[in-house]
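Have a look at the structure below, then the notes.
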Amino acid sequence: MNYAEAVQFHEEIKKYGSILGLSSIRALMHELGDVWKELNIVHIAGTNGKGSVCCFLASAFKEAGYLTGQFYSPEVFDLREVYQIGGEWIEKEEYASCMKEVSAACEKMVQKGFSHPTVFEVETALAFLWFFRRKCDIVLLETGMGGETDATNLMEQPLCSVFASISLDHMAFLGDSIEKIAEVKSGIIKKNCPVVTIKQQPGVEQILRKKAEELHADYHIAPAIAESKIKDGRLTFIYPGLGEVKLSMTGSYQTENAALAIRTLQILGKRGYFVTKMQILKGVEKAKWSGRFECLSKNPLFYIDGAHNTAAAEELSVSLMQHFPNLKRIGIMGVMADKPYREMIHILEPEFETIYTVTPDNKRSLSAEKLAEEWRRQGVGAIAKESVQDAVKAAYDEAEADGEAAVVIAFGSLYYLKEVKCALYEIKK
């Protein structure tokens, strides 16, 4: 199997959809020799911020010399980006080699009467196999949308279970209340394995703490960061006992994610994975995560942010006020129809003077025209565009005409940010 054939296989198995549960991934990993049992895993769940927390952890571990595997989801810019070791994507040859072995294991399962694994189960299995082959010292494993029944939730004894912010999302799969969602996500907590979390909403906090107590898991809360500021192009804050922390990722929400990563590093240090204070500070400052309040252009200012639910919209609103309080803000929005886009618009409506709407290339997408109608209903003059390229060009031209007085932000779904990047590249080249 070459790389093109591996990519084709990945596309073909999307037809099997998303199915929560562990029986299929267990059978698949059994065919692959249960290699996951040889890995030392930090398991990370939450609604928003999982990827950023992974990124901060990985960067700090790299500073300390650990060979660190990272598994994220979903991919935004490339299939291979979700598999990383030391911050480097899996090579095409390695991807094809691992996919060949995983696809053969899938075939054996089908021959034995099992259903074919889903695409996320295949991705998870490929990650386990690659990290095993490369003999990673530590693996940072991000859940998909769930927790207890998520395909990543195989391990019985992770190094620790980490919880980024938990809020409402994927309600059709996880439950129609934040408490139900928290209950599902709390399923990654394991007996005698420490738990590290941010300060969650009261209902979420109660569920996580109760599960930890039942399983005799030490419970740790990262310190809340009350104040942050922009200094020399960096987002800075004070972490107790560590002093000033500088971040290259400048979304306001990153202070919370960084604090969670730092507390996790401190806990893991007691479990044999020691990282010095200087390595922590250097690591979190060097960490970069594409698509999260990422600056693509400084002239004119052009950002992308994967805000795709109400909690993320609230954080984006704070970031806009912190970074651009006096600039004209021009938005590009594309969103999935099953997301709470009306609530997101209500949160973000005061932040934008102009909105261009697009239809992401996804069968779940809301049409650009329907999205524009909703913005207009809430009082903002939105313009629906035929393509992402048209929207980027229109927003870019408007911002360029305003000189240094405007900024463009594309947001609403991770699925179309690659198109935004490509379109902007074509304009600026």
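Just so it is clear, the structure is predicted and the values come from calculations on it, not from any experiment.
Put simply, the side chain of K15 does not reach to within 4.5 Å of the side chain of T118, judged on heavy atoms. In this structure, I409 and F302 have side chains that are not in contact, with every pair of non-hydrogen atoms separated by 4.5 Å or more. Looking at F411 and I304, their side chains never come closer than 4.5 Å, going by heavy atoms from C-beta outward. Between C136 and T68, the closest side-chain pair of non-hydrogen atoms is not below 4.5 Å. Side-chain contact between H308 and N48 is present, with heavy atoms from C-beta onward closer than 4.5 Å.
Between the side chains of K185 and T143, no donor-acceptor pair of N or O atoms lies under 3.5 Å. Remark: the R263 side chain and the T197 side chain contain no N/O donor-acceptor pair separated by less than 3.5 Å. Side-chain atoms of E343 and T310 include no donor-acceptor pair closer than 3.5 Å. In this structure, a donor-acceptor pair under 3.5 Å is present between the side chains of H43 and T152. Neither side chain, Q200 nor S165, offers a donor N or O lying under 3.5 Å from an acceptor on the other. For the residue pair Y273 / N40, a side-chain donor-acceptor distance below 3.5 Å is found, with atom types taken as modelled. A donor atom on one side chain and an acceptor atom on the other are not found under 3.5 Å apart for E398 and Y396.
Between D232 and R234, none of the side-chain N atoms (NZ, or NE/NH1/NH2) sits under 4.0 Å from a carboxylate O, so this pair counts as no salt bridge. Between R377 and E374 a salt bridge is recorded (basic side-chain N to carboxylate O distance below 4.0 Å). Under 4.0 Å is where a charged nitrogen must lie from a carboxylate oxygen, and between K135 and E38 no such pair does.
The aromatic rings of H116 and Y16 sit parallel, their planes meeting at an angle under 30°, below the 60° perpendicular limit. The aromatic rings of F61 and Y66 lie perpendicular to each other, with more than 60° between the two planes, well past the 30° mark.
The side-chain tip of K421 points at the ring of F77 from less than 6.0 angstrom away and within 45° of straight on.
Surrounding CG of D361 are at most 12 heavy atoms belonging to other residues, nucleotides or ligands under 6.0 Å away. Within 6.0 Å of atom NZ in K288, 12 or fewer heavy atoms from other residues, nucleotides or ligands are found, so the atom counts as exposed in its surroundings. For K328, the NZ atom is densely surrounded, since the number of other residues' heavy atoms within 6.0 Å is greater than 12. Atom CD of E404 has 12 or fewer neighbouring heavy atoms from other residues, nucleotides or ligands inside a 6.0 Å radius. Within 6.0 Å of the CD atom in Q206, the count of heavy atoms belonging to other residues, nucleotides or ligands does not exceed 12. Y415 OH: 12 or fewer foreign heavy atoms inside a 6.0 Å radius.
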- Task: Given side-chain contact (heavy atoms from CB on, under 4.5 Å), test F352 with W375 step by step and report yes or no.
- Result: CA-CA 10 Å; F352 291 98; W375 274 97; 4.2 Å; yes
- Show the numbers, then the answer: is there a side-chain contact (heavy atoms from CB on, under 4.5 Å) between I189 and F163? CA-CA 10 Å; I189 298 175; F163 292 93; 3.6 Å; yes
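Residues R26 and D34 come closest through the heavy atom pair O-OD1, 4.4 Å. For F9 against M99, the heavy-atom pair with the smallest separation is CD2-SD, 3.6 Å. Nearest heavy-atom pair, E91 versus R80, reported as atom, atom and distance to 0.1 Å: CA-NH1, 4.1 Å.
Ring centroid separation for the pair Y3 and Y95 comes in under the 6.0 Å cut-off. Annotation: F324 is in aromatic contact with Y303 [ring centroid separation under 6.0 Å].
Remark: Q84 CD to F131 CZ distance equals 8.5 Å, nearest 0.5 Å.
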